[in-house]
Amino acid sequence: QVHLVESGGGLVQPGGSLRLSCTVSGRIFSINAMGWYRQAPGKQRELVAVNNNGSGTTYGPFVLGRFHISEVTAENTVYLQMNSLKPEDTAVYFCYALLVVVDPWQNDYWGKGTQVTVSS
């Protein structure tokens with residue numbers, strides 16, 4: 001069974017930084033993409049950043065150079081470095097992965113989410 005395990009959320013002051021990590025565990029054939037979405041109360045889930053594992057990265061329009069997503073490591077982990085955080089970045093951040101468990105079929109997988117709160 002496949003699991004996405006997230007860590008690194010918490011409370012930070014405006015202007016501060018956090019690093020989120022997500023690790024895929026379980027038996028998989030390949031990782032086609034990994035990244036993060038977020039959902040604030042009363043809003044739809046939105047893309048934060050996705051690494052398309054060798055085919056570039058995609059960032060949400062609000063990122064504006066403040067966040068950086070790593071490459072997918074050999075340990076099936078991806079990191080999201082978030083700098084210059086603003087109160088409007090407050091949300092639950094969900095790890096996302098596009099995985100091939102049985103070749104060649106790929107499917108979306110989601111973590112349970114980690115809370116990020118930006119407040120003074």
Side-chain angles (χ1 to χ4, degrees):
Q1 195 167 2
V2 176
H3 295 282
L4 273 59
V5 180
E6 302 142 325
S7 65
L11 173 65
V12 64
Q13 292 187 340
S17 298
L18 280 176
R19 190 177 80 153
L20 306 182
S21 67
C22 177
T23 300
V24 175
S25 65
R27 190 170 179 174
I28 60 173
F29 183 79
S30 67
I31 297 174
N32 288 350
M34 272 187 84
W36 297 88
Y37 283 71
R38 72 184 188 184
Q39 188 166 18
K43 294 188 177 181
Q44 290 189 332
R45 190 171 295 192
E46 60 181 352
L47 168 72
V48 178
V50 170
N51 188 306
N52 298 297
N53 209 12
S55 299
T57 56
T58 304
Y59 290 93
F62 56 86
V63 169
L64 300 174
R66 300 180 297 131
F67 300 172
H68 178 262
I69 189 167
S70 73
E71 298 293 328
V72 180
T73 72
E75 293 76 30
N76 293 341
T77 298
V78 72
Y79 300 94
L80 180 68
Q81 178 67 40
M82 302 189 293
N83 300 321
S84 302
L85 283 161
K86 306 173 182 179
E88 50 264 45
D89 294 316
T90 296
V92 178
Y93 284 68
F94 295 92
C95 182
Y96 161 80
L98 181 61
L99 305 177
V100 175
V101 176
V102 179
D103 190 39
W105 295 282
Q106 61 182 14
N107 289 288
D108 296 331
Y109 290 82
W110 294 91
K112 293 182 179 180
T114 184
Q115 178 69 44
V116 171
T117 302
V118 185
S119 175
S120 56

For P14 and S119, which heavy atoms make the closest approach, and how far apart are they?
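Minimum heavy-atom separation between P14 and S119: CD-C, 3.6 Å.
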
Shortest non-hydrogen separation from V50 to A33 and the atoms involved
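Answer, listing the atom of V50 first, then A33: CG1-CB, 3.9 Å.
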
If two hydrophobic side chains count as joined below 4.5 Å and joins carry through other members, does [X] share a cluster with [Y]?
X: F62; Y: L20; result: yes
X: L4; Y: F94; result: no
X: L80; Y: V24; result: yes
X: V5; Y: V2; result: no
X: Y37; Y: L18; result: no

With sequence neighbours excluded, what pairs up with [X] under the side chain to side chain contact (heavy atoms under 4.5 Å, CB included) test?
X: V72; result: I31, M34, N53
X: N107; result: Y109
X: T73; result: E75, T77, Y79
X: Q115; result: T90, V92, T117

According to salt bridge (Lys or Arg N to Asp or Glu O under 4.0 Å), does anything in [range] pair up with another residue at least two apart or in another chain? List the pairs.
range: residues 21-32; value: none
range: residues 44-59; value: R38-E46
range: residues 52-66; value: R66-D89

What residues form a side-chain hydrogen bond (donor to acceptor under 3.5 Å, both in side chains) with [X], not counting sequence neighbours?
X: S70; value: none
X: S25; value: none
X: Y59; value: none

Step-by-step side-chain contact (heavy atoms from CB on, under 4.5 Å) determination, W110 to C95:
CA-CA 6 Å; W110 294 91; C95 182; over 6 Å; no

How about [X] and [Y]: do any of their side-chain heavy atoms sit closer than 4.5 Å?
X: D108; Y: L98; answer: yes
X: V78; Y: W36; answer: yes
X: Y93; Y: M82; answer: yes

My understanding is that a hydrophobic cluster links ILVMFWY residues whose side chain heavy atoms are under 4.5 Å apart, including indirect links. Using that, what else belongs to the cluster containing V100?
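Once heavy-atom contacts under 4.5 Å are chained together, V100 belongs with F29.
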
Could you tell me whether E88 atom CD has more than 12 heavy atoms of other residues or ligands within 6.0 Å of it?
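Yes, the 6.0 Å shell around CD holds more than 12 heavy atoms from other groups.
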
Using the side chain to side chain donor-acceptor pair (under 3.5 Å) rule, collect all pairs that involve residues 3-16, keeping only residues at least two apart or in two chains.
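For residues 3-16, and leaving out neighbouring residues, the side chain to side chain donor-acceptor pair (under 3.5 Å) pairs sorted by first residue read S7-S21.
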
Give a yes-or-no answer on whether the side chains of S17 and N83 include a donor-acceptor pair shorter than 3.5 Å.
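S17 vs N83: donor-acceptor pair found between side chains.
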
At what distance, to the nearest 0.5 angstrom, does CZ of F67 lie from OG1 of T57?
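Separation between the atoms: 14.0 Å.
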
